Number of protein chains: 4
Amino acid sequence: MTPRTKEKFEEIRESKRRKIIDSAIECFATKGYHAVSISELAAHAGVSKGLMYNYFSSKDELLKTIFNETMDQMLELFDPDSKGLNEKNDLLMYLERYYHHLKSNLILWKMYMAIFSQPAVQQILQKEILEVSQKPLEIIGNYFKKEGFKHPEVEVAFLSTLFSGVLTEYISDPDHYPLEQIMKRILSIYS
Amino acid sequence: MTPRTKEKFEEIRESKRRKIIDSAIECFATKGYHAVSISELAAHAGVSKGLMYNYFSSKDELLKTIFNETMDQMLELFDPDSKGLNEKNDLLMYLERYYHHLKSNLILWKMYMAIFSQPAVQQILQKEILEVSQKPLEIIGNYFKKEGFKHPEVEVAFLSTLFSGVLTEYISDPDHYPLEQIMKRILSIYS
Amino acid sequence: MTPRTKEKFEEIRESKRRKIIDSAIECFATKGYHAVSISELAAHAGVSKGLMYNYFSSKDELLKTIFNETMDQMLELFDPDSKGLNEKNDLLMYLERYYHHLKSNLILWKMYMAIFSQPAVQQILQKEILEVSQKPLEIIGNYFKKEGFKHPEVEVAFLSTLFSGVLTEYISDPDHYPLEQIMKRILSIYS
Amino acid sequence: MTPRTKEKFEEIRESKRRKIIDSAIECFATKGYHAVSISELAAHAGVSKGLMYNYFSSKDELLKTIFNETMDQMLELFDPDSKGLNEKNDLLMYLERYYHHLKSNLILWKMYMAIFSQPAVQQILQKEILEVSQKPLEIIGNYFKKEGFKHPEVEVAFLSTLFSGVLTEYISDPDHYPLEQIMKRILSIYS
DNA sequence: TATGAATGAGGCTTCATTCAT
DNA sequence: AATGAATGAAGCCTCATTCAT
């Protein structure tokens, strides 16, 4: 009997890795980082405790991995073609994208909030957070400058504020928050 | 035991209780609920571990207590005289109050965020949260109705969104967030 | 009911600390450092696992503490009055003391061997070991120099060798090793 | 399957076995038995974890195997031709051999010490140790009897003591221990 | 009222070993 | 013969909570 091929092994690894990550995202979203134990994560993913450490060297490491993957998605969301925002329409589409992403990735954003608003977790991810949050803000800032806003940096902060607010409110009660109408209300400010 | 002595005791008890609560608020704000141990809380408050249980039957109980007291403050903030909002000026003053409260009670709000963004904690406090948040929203809703807004309930949600956003952003980086200018930006929407 | 006095607490602490240490020395002597678990140490000392950490912050820390206390004893043994070795008689008494200490502290020396000959443990104690081993060797070296030995440093190494050998052999089979006669044989070399 | 192929297989098997053993000796020498995991051993030997169990049924089994092979070497060392010690020169050559073996097999002896000083391991190997150590001691004892020593058995113990001591000291700091001079010093006792 | 020693459940992690391929 | 994914027991440690004083 021949041993499994390298490809087969990598296949197994990758699919299990995904399973663990997706499962962990759900758990973290539901209960928060500290409130979920490795045992729970393992059980929820349908693997043994020990196997978790075959894929991630620690609980923190798993968190960082999830964070990085999530951040990559977010970056893509906020600037998919890396061209920046050039006209008003781009900004509107920007808002559109945010709206759709929020709606179709509720769990991901829930996890984002559940995890990253915890001070203890922020300490774990401090470095990563700083690195990632800079770029999207810059892109938006450049747009406002170009458009001749009087206080572009304040306008950026204001938009961030709106994003944060929408996120917070929608996440905390997705069934009742009038997401679409709120997005329209925001659009009305910039139209 | 004379009544005098009894009163004295009560006084001491109450002041120690305050000390524990205030100290705990600081700790929770800085590190989050799960990341702070009873030992740490006791040490930070300058009392023994055992004594903590003399005042609060459990860590959860302490959390609930803090929550309730905080909520009382919030209620007071959003409607100190229970008269509701009657004219535009009231709304502006409303925003003003929020702004000032935020600035002067940073720790309290930090703790609020640190604690509430954790789903596990939210579950513990779910009932309390619902109860408390209803009333201020109603008051604002009534105002918008009276003012003839087309979608008063959306407008309420929008204002909540702004509040949430300001809170989130300010709390996460109080030194750089342009709180005052953002508040002015918001005022400009309603003036 | 009044709380226990500070003295009472310290009394408890000190006596329990001793109990844990003595018990741990026995265990380490019997099975070696890595082969004994904290659970075993706790059970053998008659306390709970958790309490171990009230007294020692980690297993390594316990080891270091035992090492330091043992070393203090050893130092005292090898130079009780800190006067050094001044004449041949001092050296002979030196040997005598070693002999008696060995006989009456078998467990201590067993533990010493069981623990300190393990590379992994040596790494934990590296710093401490270096610090402590210097002084006694110097004292003996000075004596040999004073006595005009041709190669005092070799003579020191030779004596160390004898000590090590006696220790190793005696410890590994205390009932059959002719300790007293070996010590006489050694004395005969220096008389 | 032709006999030729079978032999070839045996050859491969044997060479891989050696590789694993030699690699393990190094690891045990450096870090001690408990401190090295099967994973480490496998990685260091360049084979998979699973394969380790194809050659040795357990970690203990591997240890025992190494011990037995080492012991065979030791026996050979102390009495290569099984003729015993017949004259003083034989004893001196005996010492010589020990000296050279020590110098050229440092790792082996390091492992020997790293492993054997651990009581837990000694228990595993107790029987084997007793069996092996008897014979060389007898040979030396016979020599001392023949030479008319007053207490031949003490003299044997004394020589064992010296061997143990030299081993211990040399192993613990091979770069600084004056091995050659110490051996000369010992020779001087018996010349 | 007040202390801190004491407990034990549960958290994270390691590792010898098994197993499907 | 060979691989490495998978398991689960056991190890170290933390922490909410209890208890004797």
Side-chain angles (χ1 to χ4, degrees), chain A residues 1-6 8-13 16-17 34-42 46-62, chain B residues 9 12-13 16 34-43 47-62, chain C residues 1-6 8-13 16-17 34-42 46-62, chain D residues 9 12-13 16 34-43 47-62:
Chain A
M1 220 172 274
T2 61
R4 258 174 284 208
T5 61
K6 243 185 189 172
K8 188 75 189 167
F9 274 131
E10 273 182 26
E11 205 181 302
I12 293 176
R13 270 195 88 75
K16 190 129 300 181
R17 207 185 98 99
H34 280 101
V36 190
S37 69
I38 287 278
S39 284
E40 268 177 280
L41 292 173
V47 301
S48 70
K49 242 186 307 183
L51 196 60
M52 299 291 289
Y53 289 86
N54 194 321
Y55 289 86
F56 303 94
S57 63
S58 70
K59 202 185 168 190
D60 276 16
E61 189 58 34
L62 171 59
Chain B
F9 273 160
I12 294 175
R13 226 188 131 68
K16 192 148 286 186
H34 280 101
V36 189
S37 68
I38 288 277
S39 286
E40 259 178 290
L41 292 174
V47 303
S48 71
K49 236 187 307 188
L51 198 59
M52 298 290 288
Y53 287 85
N54 194 315
Y55 287 87
F56 305 94
S57 63
S58 72
K59 203 185 169 190
D60 271 19
E61 186 58 35
L62 171 58
Chain C
M1 220 171 273
T2 62
R4 262 177 279 209
T5 62
K6 244 185 188 169
K8 188 71 188 171
F9 273 131
E10 274 182 22
E11 207 182 300
I12 293 176
R13 270 196 88 76
K16 189 128 301 178
R17 207 185 98 100
H34 279 102
V36 190
S37 70
I38 287 277
S39 285
E40 266 177 283
L41 291 173
V47 302
S48 70
K49 243 185 307 182
L51 196 60
M52 299 291 289
Y53 290 86
N54 193 321
Y55 289 87
F56 303 95
S57 62
S58 70
K59 202 185 169 191
D60 276 16
E61 188 59 33
L62 172 59
Chain D
F9 272 160
I12 294 176
R13 225 188 132 68
K16 193 147 283 188
H34 281 101
V36 190
S37 69
I38 289 275
S39 285
E40 260 178 288
L41 292 174
V47 301
S48 71
K49 237 186 309 187
L51 197 59
M52 299 289 289
Y53 286 84
N54 194 316
Y55 287 87
F56 305 94
S57 65
S58 71
K59 201 183 169 190
D60 271 19
E61 186 58 33
L62 171 59

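In what follows, chains are A, B, ... by sequence order, proteins preceding strands, each numbered from 1. As the structure is a computational prediction, the values presented were derived from the model and not from experiment.
Look at A:K6 and you won't find any side-chain N or O under 4.0 angstrom from OP1 or OP2 of F:dG4. OP1 or OP2 of F:dA5 has not a single side-chain nitrogen or oxygen of A:R4 nearer than 4.0 Å. Dashed line: the shortest gap from a side-chain N or O of A:Y55 to OP1 or OP2 of F:dA5 is not under 4.0 Å.
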Checklist line | Contact letters for nucleotides 7-14 of chain F, in which S counts primed atoms plus P, OP1 and OP2 and B counts the base, heavy atoms under 4.0 Å | finding: BB-BSSBB
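Take the nearest nucleotide of DNA chain F for C:K8 and for B:A35: the residue whose nucleotide is more 5' is B:A35.
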Next item on the list: Test side-chain contact (heavy atoms from CB on, under 4.5 Å) on C:L62 and C:L41 and set out the steps.
Entry: CA-CA 11 Å; C:L62 172 59; C:L41 291 173; 3.9 Å; yes
Side-chain donor/acceptor pairs under 3.5 Å, residues 49-60 of chain C, sequence neighbours excluded:
unit_1 : atom_1 : unit_2 : atom_2 : d
C:N54  : OD1    : C:R13  : NH1    : 2.9
C:S58  : OG     : C:D60  : N      : 3.4
C:S58  : OG     : C:E61  : N      : 3.0
C:K59  : NZ     : C:Y33  : O      : 3.1
C:K59  : NZ     : C:V36  : O      : 2.7
C:D60  : OD1    : C:Y33  : OH     : 2.7

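How far CD of C:E11 is from OG1 of C:T5: 8.0 Å, rounded to the nearest 0.5 Å.
DNA chain F contains the following stems of three or more consecutive Watson-Crick or G-U pairs, with both distances under 3.5 Å: E:2-21 with F:2-21.
Across the protein-nucleic acid pair, C:F9 atom CZ and F:dA20 atom P stand 13 Å apart, rounded to whole Å. For the pair B:F56 CZ and F:dA16 P, the computed distance is 15 Å after rounding to whole Å.
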